Amino acid sequence: MNERAPSKATARRSARFGAKGWYLAIAVIAGMLVLLTATALGRIATANSNESRRLAEQSVMVAIVSDQVRDLIVDAQSAQRGYLLTGEDTYLEFYRASTTRLPAAVDELVGLTAGDPRNGALVRELKALSSARVAEMTRDIELRRTQGPDASRELARASGLASMTRIRALDAELQDSTETKTAVQEAAAARSNTRAQQLSALGAALVFGLLVVMLFLLRQRGRAEQQHADHERERAELIDQLGHRANHDALTGLPNRRLLTDRVQQALARSARDNTLTALLYIDVDRFKDINDTHGHAVGDAVLAEIARHLQRQLRFTDTLARVGGDEFVALCEGLVSAREADGIAASLEDELAGGIEVLGDRLLVTVSVGIVVAEHDRLHGDPETGLITPEQLIDASDAAMYEAKDAGRGRRHYYSRKDARRRTDRSTLAADLGAALAKDELWVAYQPLVELDGARVVGVEALVRWDHPIRGAVPPATFIPVAEDAGLIIPVGTFVLQRACAQVGAWNTERAARNLPPLGLSVNCSAHQLLDTRFLDVLTAAARGGGLALDQLTLEITEGVMVDSVTGAADRLDEIAAIGVGLSLDDFGTGYSSLSYLSRFPIQLIKIDRSFVSGLGRSDTDEAIIGAVVSLADRLGRRVLAEGIETAEQAAHVARLGCQLGQGYLYGRPEPANALDALLTTGRKQLAH
Ligand code: C2E
Ligand code: MG
Ligand code: MG
């Protein structure tokens with residue numbers, strides 16, 4: 001691509017250059033044509049004027065010689081008459097002289113007019129006349145000498161009169177001829193003028209045509225240049241837009257990861273020069289997927305744009321806020337003098353969002369998890385062992401720190417340490433493996449008994465998903481469930497567990513029914529993502545029906561987060577679930593939030609006290625007090641209480657004493673594959689340890 005770009009430009013330039021050369025050539029040719037036409041016209045005009053001049057000169061000569069001839073004839077006649085009348089020799093001499101000159105003049109006239117055929121007859125007659133005059137004169141002189149002056153006088157009179165008449169006629173004719181000639185000359189001149197005019201008109205038309213063509217070409221060239229300029233501008237704009245698109249996020253207009261990487265690079269260089277610190281804050285919106293799922297993408301987008309606006313408000317002009325993923329932002333803050341400043345920035349970002357954000361008229365509460373990494377020049381701050389760090393590594397480090405913040409509970413911030421990076425790598429490969437695990441049958445369901453503390457009777461089982469990873473071995477659900485939630489895999493995983501467990505418990509219940517044993521209840525853990533799935537109720541009822549399980553034999557275990565988080569709307573689903581008869585229990589009670597108000601608001605039948613309280617019994621009075629308080633609250637609300645993680649008989653006795661009705665724990669049975677529990681659950685024969 002890079003190599004092709006300049007060659008394209010060169011081609012474009014040479015094309016432009018070629019067009020210019022072409023126009024120049026046309027202009028030169030047109031100019032030459034105009035010049036040639038003008039020269040030709042000039043030549044024609046000159047030739048015409050030369051010819052006219054020649055013709056004019058010739059006609060003047062003809063006229064002169066013709067006059068001369070006439071004069072000579074008249075002279076000869078007068079001399080003849082004078083000689084005949086007087087007989088004087090002077091007349092004779094004059095007579096002879098003009099008669100001798102006459103043939104020469106006639107010859108000259110013939111020579112002059114020979115070119116014009118129309119004068120031929122006239123000239124021939126003149127010639128004949130001049131010879132006749134010479135002969136007449138000779139005879140006259142002879143007559144006078146032999147017969148006397150009277151005889152010659154008579155002849156002279158007759159011939160003189162005749163020749164005079166003829167000469168006059170000839171004169172008139174010659175005059176006519178001269179006029180005709182002039183007319184002819186004028187006509188010729190007019191013709192040549194017309195030709196010249198025609199030629200000049202043609203030349204002018206040619207020049208005009210050429211001018212039009214040139215103007216047209218110039219206009220075309222102008223247009224082509226305009227078009228070219230337009231194309232160039234459009235191209236530049238497109239490149240600009242593409243460049244902007246390539247470096248910015250379309251939704252928020254913020255720089256994207258690519259531009260961020262660039263800016264981090266520059267920031268690191270500056271920090272080395274100024275001896276300052278550079279901080280990256282990786283900001284992830286908590287439970288954003290739920291917002292998207294519940295309210296739709298349009299609201300999700302509006303939420304992101306609004307969050308971006310809020311975050312930007314807390315950053316300095318020189319900081320960069322980038323959007324690097326769906327709900328992930330990175331703030332790049334440079335020029336810090338101490339790492340603690342980064343903490344202050346994170347706090348201000350959290351505070352900014354603490355009041356909630358206004359989206360489409362609604363106020364939503366959002367929290368963010370923030371991962372922080374600080375670089376000193378091009379090394380990690382406070383970690384002298386790290387080698388040089390690239391911008392990408394720095395961004396990855398902040399990302400890993402953010403995951404740790406998320407793991408620690410939402411709305412936290414976490415400073416990067418090197419072990420975060422290892423965990424981060426694990427997470428991404430785990431998500432990829434989990435995607436394939438379902439298809440490869442690596443997931444299975446374990447069941448753990450739920451018992452009535454009074455009598456240790458098994459009343460149900462909890463389904464717990466298991467993953468036998470081909471390389472890693474058994475991966476604990478606490479590790480892969482959050483990964484599944486983040487990777488959007490929790491719905492297929494949850495559906496698989498529901499279907500498998502319903503089928504299993506349905507089968508056990510059929511056996512139990514045959515033995516007149518009461519049916520077992522089934523508890524299945526349920527993630528908020530599943531509740532938000534619009535098809536969840538269908539999945540739920542289909543799974544129960546498929547396994548032959550009554551809906552009231554099924555219980556979903558949800559965590560406190562689902563109910564507290566009013567943003568996601570997952571809690572709204574709880575009523576619908578309760579309405580179809582499916583039970584709800586509150587899992588891991590006491591680990592999440594300290595509010596108890598939701599207990600009365602939602603249709604929870606069972607509270608499962610987290611095993612951390614049970615394990616603390618006997619050592620911590622607080623734990624005992626808390627269990628006691630929860631039990632009395634549940635009593636008042638008409639809820640039942642289950643103690644999780646009962647491992648010893650003492651613990652079992654203790655929680656029973658405190659008022660818990662149900663228990664679960666290794667004491668009664670570990671989570672086990674279905675076949676290991678067949679005997680216990682279908683016959684109830686195996687005695688549970690107590
Ligand atoms: P949980 O729902 O609270 O499940 C009980 C956990 O406590 C199980 O861990 C179980 O093995 C463990 N446990 C039970 N009795 C004892 C005991 O006496 N002592 C000790 N130390 N542990 C005991 P497990 O199977 O590792 O599951 C961990 C968590 O993973 C579950 O906690 C649940 O939140 C989640 N989980 C498991 N299966 C699923 C599932 O199918 N879907 C969802 N969404 N979450 C699941
Ligand atoms: Mg559970
Ligand atoms: Mg639990």
Side-chain angles (χ1 to χ4, degrees), residues 290 407 434 437-438 442-451 453 458 460-468 473-502 504-505 521-533 536 539-540 543 554-562 570 583-592 604 606-617 630 641-652 654-655 660 662-673 676-677 688-689:
D290 299 342
D407 261 11
L434 185 59
L438 269 168
E442 292 169 6
L443 297 183
W444 57 279
V445 180
Y447 301 89
Q448 187 177 31
L450 307 177
V451 301
L453 290 174
V458 179
V461 289
E462 178 176 9
L464 295 160
V465 70
R466 293 290 177 263
W467 179 13
D468 285 342
V475 183
T479 304
F480 74 83
I481 293 291
V483 174
E485 286 180 333
D486 282 341
L489 290 167
I490 193 63
I491 291 174
V493 169
T495 304
F496 161 79
V497 175
L498 259 175
Q499 290 169 344
R500 186 59 69 84
C502 285
Q504 182 58 60
V505 175
L522 167 65
S523 283
V524 179
N525 295 285
C526 176
S527 145
H529 296 274
Q530 286 172 276
L531 289 176
L532 290 166
D533 183 16
F536 184 59
V539 170
L540 198 62
L554 183 60
T555 295
L556 295 180
E557 296 195 6
I558 53 166
T559 54
E560 291 166 283
V562 171
L584 288 165
S585 40
L586 187 55
D587 207 353
D588 304 336
F589 182 83
T591 54
I604 306 292
L606 181 73
I607 298 164
K608 295 180 79 174
I609 295 178
D610 188 70
R611 69 165 185 269
S612 56
F613 296 97
V614 176
S615 60
L617 282 177
V630 171
V641 178
L642 179 146
E644 293 185 321
I646 301 172
E647 294 181 353
T648 65
E650 287 76 11
Q651 288 169 338
H654 205 145
V655 294
C660 295
L662 299 164
Q664 174 183 6
Y666 296 166
L667 177 67
Y668 308 107
R670 290 179 177 256
E672 287 189 72
L677 293 164
L688 289 168

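Numbering of residues begins at 1 and proceeds along the displayed sequence. A quick note: this is a predicted structure, and the numbers were derived from the prediction, not measured. Atoms within each ligand, like the ligands themselves, are counted from 1 in listed order.
- For atom 3 (O) of ligand 1, the closest heavy atom belonging to the protein is Asp588 OD1, 2.9 Å.
- A side-chain donor-acceptor contact under 3.5 Å links Ser615 to the backbone of Arg611.
- The pair Arg466-Glu672 does not count as a salt bridge, with every side-chain nitrogen at least 4.0 angstrom from each carboxylate oxygen.
- The heavy atom nearest to atom 15 (N) of ligand 1, considering only Gln664, Glu557, Gln448, is found in Gln448.
- Remark: ligand 1 atoms within the under-4.0 Å shell around heavy atoms of Gly645 are 16 (C), 17 (C), 18 (O).
- Protein heavy atom nearest atom 11 (O) of ligand 1, with residue, atom name and distance: Pro671 CG, 3.3 Å.
- Distances shorter than 4.0 angstrom occur between a heavy atom of Glu462 and an atom of ligand 1.
- Of the heavy atoms in Val465, both backbone and side-chain atoms come closer than 4.0 Å to ligand 1.
- In the candidate list Leu464, Asp610, Val445, Ile490, Leu464 is nearest to atom 37 (C) of ligand 1, counting heavy atoms.
- Closest approach of Ser523 and Glu557 over heavy atoms only: CB-OE2, 3.3 Å.
- Distance from atom 1 (P) of ligand 1 to its nearest protein heavy atom, with residue and atom name: Asp587 OD2, 3.7 Å.
- Side-chain contact between Thr555 and Leu606: absent, with no pair of heavy atoms (C-beta onward) separated by less than 4.5 Å.
- Protein heavy atoms are absent from the 4.0 Å sphere centred on atom 9 (O) of ligand 1.
- When the heavy atoms of Glu644, Gln530, Arg611, Glu647 are ranked by distance to atom 6 (C) of ligand 1, first place goes to Arg611.
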Steps toward salt bridge (charged side-chain N to carboxylate O under 4.0 Å, His left out) verdict (Glu647, Arg670): CA-CA 10 Å; Glu647 294 181 353; Arg670 290 179 177 256; over 6 Å; no
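- Protein heavy atom at the shortest distance from atom 22 (N) of ligand 1 is Tyr666 OH, 3.3 Å.
- Within Glu462, the N, O or S atom lying nearest to the Mg ion (ligand 2) carries the name OE2.
- In the vicinity of Gly665, heavy-atom distances shorter than 4.0 Å reach the ligand 1 atoms 15 (N), 18 (O).
- Between the Mg ion (ligand 2) and Ser523 there is no N/O/S contact shorter than 2.8 Å.
- Geometry note: the Mg ion (ligand 3) is the vertex, Asp587 OD1 and Glu644 OE2 are the arms, and the angle is 80° (rounded to 10 degrees).
- Ranking the protein heavy atoms by distance from atom 27 (O) of ligand 1 puts Pro477 CG, 3.4 Å first.
- For Lys608, no heavy-atom contact with ligand 1 is shorter than 4.0 Å.
- For Asp588, the N, O or S atom with the smallest separation from the Mg ion (ligand 3) is OD1.
- Atoms CG and CG, from Leu453 and Leu667 in turn, are 9.5 Å apart once rounded to the nearest 0.5 Å.
- Nearest non-hydrogen protein atom to atom 46 (C) of ligand 1 is Asn525 CB, 3.6 Å.
- Considering all non-hydrogen atoms of both residues, Tyr666 and Pro671 come closest at CE2-CD, 4.1 Å.
- Between Leu464 and Asn525 there is a side-chain heavy-atom pair separated by less than 4.5 Å.
- Counting backbone and side-chain atoms alike, Glu557 contributes no N/O/S atom closer than 2.8 Å to the Mg ion (ligand 3).
- Tyr447 has its side chain within reach of Val445: a pair of non-hydrogen atoms, C-beta onward, lies under 4.5 Å apart.
- Taking the side chain as every heavy atom from C-beta outward, Val461 and Leu522 approach each other to under 4.5 Å.
- Of all the atoms in ligand 1, the ones that sit under 4.0 Å from a non-hydrogen atom of Arg466 are 11 (O), 25 (O).
- The closest side-chain heavy-atom distance from Leu450 to Val458 is not below 4.5 Å.
- Closest heavy-atom contact between Val475 and Phe480: O-CE2, 3.3 Å.
- Here the closest heavy-atom approach between residue Phe496 and residue Leu443 is recorded as CZ-O, 3.4 Å.
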